[in-house]
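In what follows, a structure is listed as structure tokens, so that the remarks can point back to it.
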Amino acid sequence: LDIYTLWEEEKYEDGIKWKFLEHKGPYFPPEYQTLPDDVKFYYNGKPVKLSLPAEEVALFFAQMMDHEYTTKEVFRNNFFRDWRKEMTLEERQLIMDLNKCDFGELHAMHKQKVEARKNLSKEEKLVNKEANQKIVDEYGCCVLDHHRERIGNFKIEPPGLFRGRGDHPKQGMLKKRIQPEDVIINCSKDSRIPEPPAGHRWKEVRHDNTVTWLASWTENVQGSCKYVMLNANSKLKGEKDWEKYEVARKLKTCVDAIRAQYQEDLKSKQMGTRQRAVALYFIDKLALRAGNEKEEGETADTVGCCSLRVEHITLHDTLDGQKCVVEFDFLGKDCIRYYNKVPVIKRVFKNLKLFMENKQEGDDLFDRLNTQMLNKHLSSLMPGLTAKVFRTYNASITLQQQLKELRNSECLVKLLSYNRANRAVAILCNHQRAPPKTFEQSMANLQAKIDSRKEQLDLAKKELKQAKKEAKGSSDNKLLMSKKAVQRCEEQLLKMEVQATDREENKQIALSTSKLNYLDPRISVAWCKNMEVQLDKIYNKTLRDKFAWAIDMTEHDFVF
DNA sequence: CAGCTGACTTAGTACTATATCT
DNA sequence: AGATATAGTACTAAGTCAGCTG
């Protein structure tokens with residue numbers, strides 16, 4: 001790994017991201033191999049030997065058959081439509097009904113392969129691992145300016161069936177195989193230009209040093225660009241990350257003024273201004289995302305702040321003894337449900353009532369506002385300020401405050417309070433996860449262990465009592481041993497109880513997203529220094545690499 | 001000047017490796 | 001030593017936001 005101090009290096013002029021960039025190009029997935037003769041696809045009960053392209057797509061479906069979504073109407077229709085496009089004319093004339101398709105043998109073969117891979121011997125697994133490492137060494141690195149850097153995603157995404165999140169209208173569509181002819185390479189003129197795979201050529205080789213990507217292609221399902229980019233531990237990404245937190249810290253210095261301003265704007269004569277003020281209030285108070293408009297029918301129906309519709313909120317003059325309560329219920333990014341009942345200030349409440357007047361389901365709550373207008377306003381208040389900066393700012397400041405409030409002495413308890421602070425942020429940002437499949441079981445296991453340890457502790461205590469009675473002096477060997485046993489039991493019990501609390505509180509909350517994207521790492525590094533906690537207790541290797549810049553520059557007295 | 005596109009960050013989940021337990 | 005639980009990684013979808021374009 002290169003040793004460098006990025007804040008001491010020269011800065012390029014505006015927009016220039018590098019002077020030299022060399023890499024090997026992306027790594028392509030292996031070509032499709034036809035099925036063995038004894039694995040057959042059946043249509044209407046009769047075996048049919050499919051053409052190679054049709055067979056490949058059939059296998060994509062067969063591989064997913066354990067998933068519930070292959071039973072969904074939308075998924076099946078999209079799949080069947082796209083599959084038929086890959087068929088020969090003859091196949092297309094024969095295969096007219098997905099329900100008459102029998103992928104059973106293909107499915108069984110796939111499961112067998114998965115099983116076989118799992119059962120490989122240690123040696124075979126090692127061979128695979130080494131082969132993988134070789135690919136990483138060859139394709140996973142590049143040279144950017146003076147540094148050898150890891151690439152984040154150097155592998156071309158393999159073909160398969162698209163599965164969006166939630167109720168996605170395009171689920172089941174064929175995500176096509178990417179050829180070198182689809183790929184644009186970006187590198188510097190004076191570097192060794194990557195070789196396309198034999199018999200192929202690149203779509204284009206360009207030398208654009210105002211962008212950070214090494215290769216790109218257009219994905220066929222949504223028509224969007226995909227990029228090969230650097231790993232998070234790279235200098236380029238680190239610098240950007242640092243900048244992000246510096247902008248958020250700058251917001252700290254003017255957030256009071258901005259809050260005063262939008263409180264004032266709540267009274268504006270301009271409807272647009274008032275809507276902007278309410279939206280900003282939500283973004284600031286609830287850490288909502290900006291909420292860009294989305295093309296209807298192209299993606300799942302999700303919203304953010306500016307794209308909220310009237311059916312996403314319910315107004316309660318009083319609720320559970322609180323006044324002016326707004327009940328939010330909508331699907332946000334990744335179709336994660338946002339549900340929250342929040343008391344708001346009167347002026348916001350009155351404005352919301354006004355915005356909802358004469359509107360019906362499906363109408364925008366903020367019909368005079370969009371994210372461009374909002375961000376334009378924000379950038380006039382502070383350079384670099386956009387809606388998402390509030391999320392970063394509020395997340396980081398919350399962590400700092402919580403850590404202050406939850407100070408504790410025991411190391412284990414220290415970590416628990418760190419996690420609690422982290423959790424407060426995750427809740428603010430609505431970072432959820434599916435409860436782990438094994439959650440109930442593993443919780444029960446842990447409880448059983450706690451119970452048995454408690455019994456052990458009781459026993460150990462009794463033995464200690466006995467030993468005290470029998471002891472001839474305080475240095476009696478048996479007495480000392482008994483004391484130690486009790487102590488050990490107590491420590492282990494505490495450890496397990498802390499673990500149980502932590503795990504229970506974490507059941508449906510994902511801590512990693514905020515740790516990775518929202519919490520200024522310098523807060524955590526400083527906390528570790530002050531609390532004398534090893535950094536690796538809260539940051540794994542990947543995180544320590546990503547936040548190398550913060551680890552290097554942060555003193556114990558850092559304040560966000 | 002709205003709509004589109006490109007570039008980049010943020011996100012949850014499935015898979016894999018490692019640690020811990022029996 | 002093998003089984004199981006947990007942590008970490010890979011993957012790629014889904015956002016944000018600015019600048020371009022017709």
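Keep in mind that this is a model prediction, so the values were computed, not measured. Each chain gets a letter, A, B and so on, in the order the sequences are listed, and its residues count up from 1.
Look at Lys244(A) and you'll find a side-chain N or O under 4.0 angstrom from OP1 or OP2 of dT10(B). At dT9(B), one or more side-chain N or O atoms of Lys237(A) fall inside 4.0 Å of OP1 or OP2 (strictly under the cut-off). Checking the phosphate oxygens (OP1, OP2) of dC17(C), no side-chain nitrogen or oxygen of Gln372(A) falls inside 4.0 Å. Not one side-chain nitrogen or oxygen of Lys333(A) sits closer than 4.0 Å to the OP1 or OP2 atom of dG12(B). The side chain of Lys170(A) contributes no N or O atom lying less than 4.0 Å from OP1 or OP2 of dA13(C). In this model, the phosphate group of dA14(C) is approached by a side-chain N or O of His168(A) to a distance below 4.0 Å at OP1 or OP2. Contact annotation: Thr513(A) reaches the phosphate of dG12(B) (side-chain N/O to OP1 or OP2, under 4.0 Å). Listed pair Arg289(A) / dA11(B) meets the phosphate criterion, a side-chain N or O lying under 4.0 Å from OP1 or OP2.
Salt bridge annotation for Arg177(A)-Glu56(A): present, with a cationic side-chain nitrogen under 4.0 angstrom from a carboxylate oxygen. The pair Asp545(A)-Lys541(A) meets the salt-bridge criterion, with a side-chain N (NZ, NE, NH1 or NH2) lying under 4.0 Å from an Asp/Glu carboxylate O. Between Lys134(A) and Asp137(A) no salt bridge is recorded (no basic side-chain N to carboxylate O distance below 4.0 Å).
Across all strands shown, Gly223(A) has no heavy atoms under 4.0 Å from either base or sugar-phosphate atoms. Note on Lys541(A): nothing from the nucleic acid sits closer than 4.0 angstrom, heavy atoms only. Counting non-hydrogen atoms under 4.0 angstrom, Gln432(A) reaches the backbone sugars and phosphates but no base. The residue Arg433(A) sits close only to the backbone: its heavy atoms come under 4.0 Å of sugar-phosphate atoms, none of a base. Among the protein residues, Thr371(A) comes within range of no part of the nucleic acid, since none of its heavy atoms lies under 4.0 Å from any strand. If you check every strand for non-hydrogen atoms under 4.0 Å, Lys175(A) touches sugar and phosphate atoms only.
Ranked by how close their nearest DNA chain C nucleotide is to the 5' end, Glu219(A) and Asn292(A) are led by Glu219(A). Looking at which nucleotide of DNA chain C each of Gly332(A) and Thr542(A) is closest to, the 5′-most match is held by Thr542(A).
Of the candidates dA7(B), dT18(B), dG12(B), the closest approach to any side-chain atom of Val211(A) belongs to dA7(B). Taking every side-chain heavy atom of Asn540(A) into account, dG8(C) is the closest of dG8(C), dC8(B), dG12(B). Of all nucleotides listed (dG12(B), dT10(B), dA13(C)), dA13(C) comes nearest to the side chain of Glu157(A). Nearest nucleotide to the Lys129(A) side chain, out of dA14(C), dT18(B), dA7(B): dT18(B). Candidate nucleotides dT12(C), dC8(B), dG12(B) were compared by shortest atom distance to the side chain of Lys240(A), and dC8(B) ranks first. Here the side chain of Asp334(A) is nearest to one of dA7(B), dG8(C), dA14(C), namely dA14(C). For Ala434(A), whose side chain is taken as the heavy atoms from C-beta onward, the closest listed nucleotide among dG6(B), dT13(B), dT9(B) is dT13(B). Of the candidates dG15(C), dT12(C), dC17(C), the closest approach to any side-chain atom of Lys388(A) belongs to dC17(C). Considering only the side chain of His431(A), dG12(B) comes nearest among dA18(C), dG6(B), dG12(B).
Distance Glu295(A) CD to dT16(C) C1': 17 Å, rounded to the nearest Å. Asn375(A) has its CG atom 17 Å from the P atom of dG15(C), to the nearest Å.
Ring centroids of Trp83(A) and Phe61(A) are separated by 6.0 Å or more, keeping the two rings apart.
Around atom CD of Gln112(A), no more than 12 heavy atoms belonging to other residues, nucleotides or ligands sit under 6.0 Å away.
Remark: Arg276(A) is not positioned above the aromatic ring of Tyr262(A), lacking an NZ or CZ atom under 6.0 angstrom from the ring centre and at most 45 degrees off the axis.
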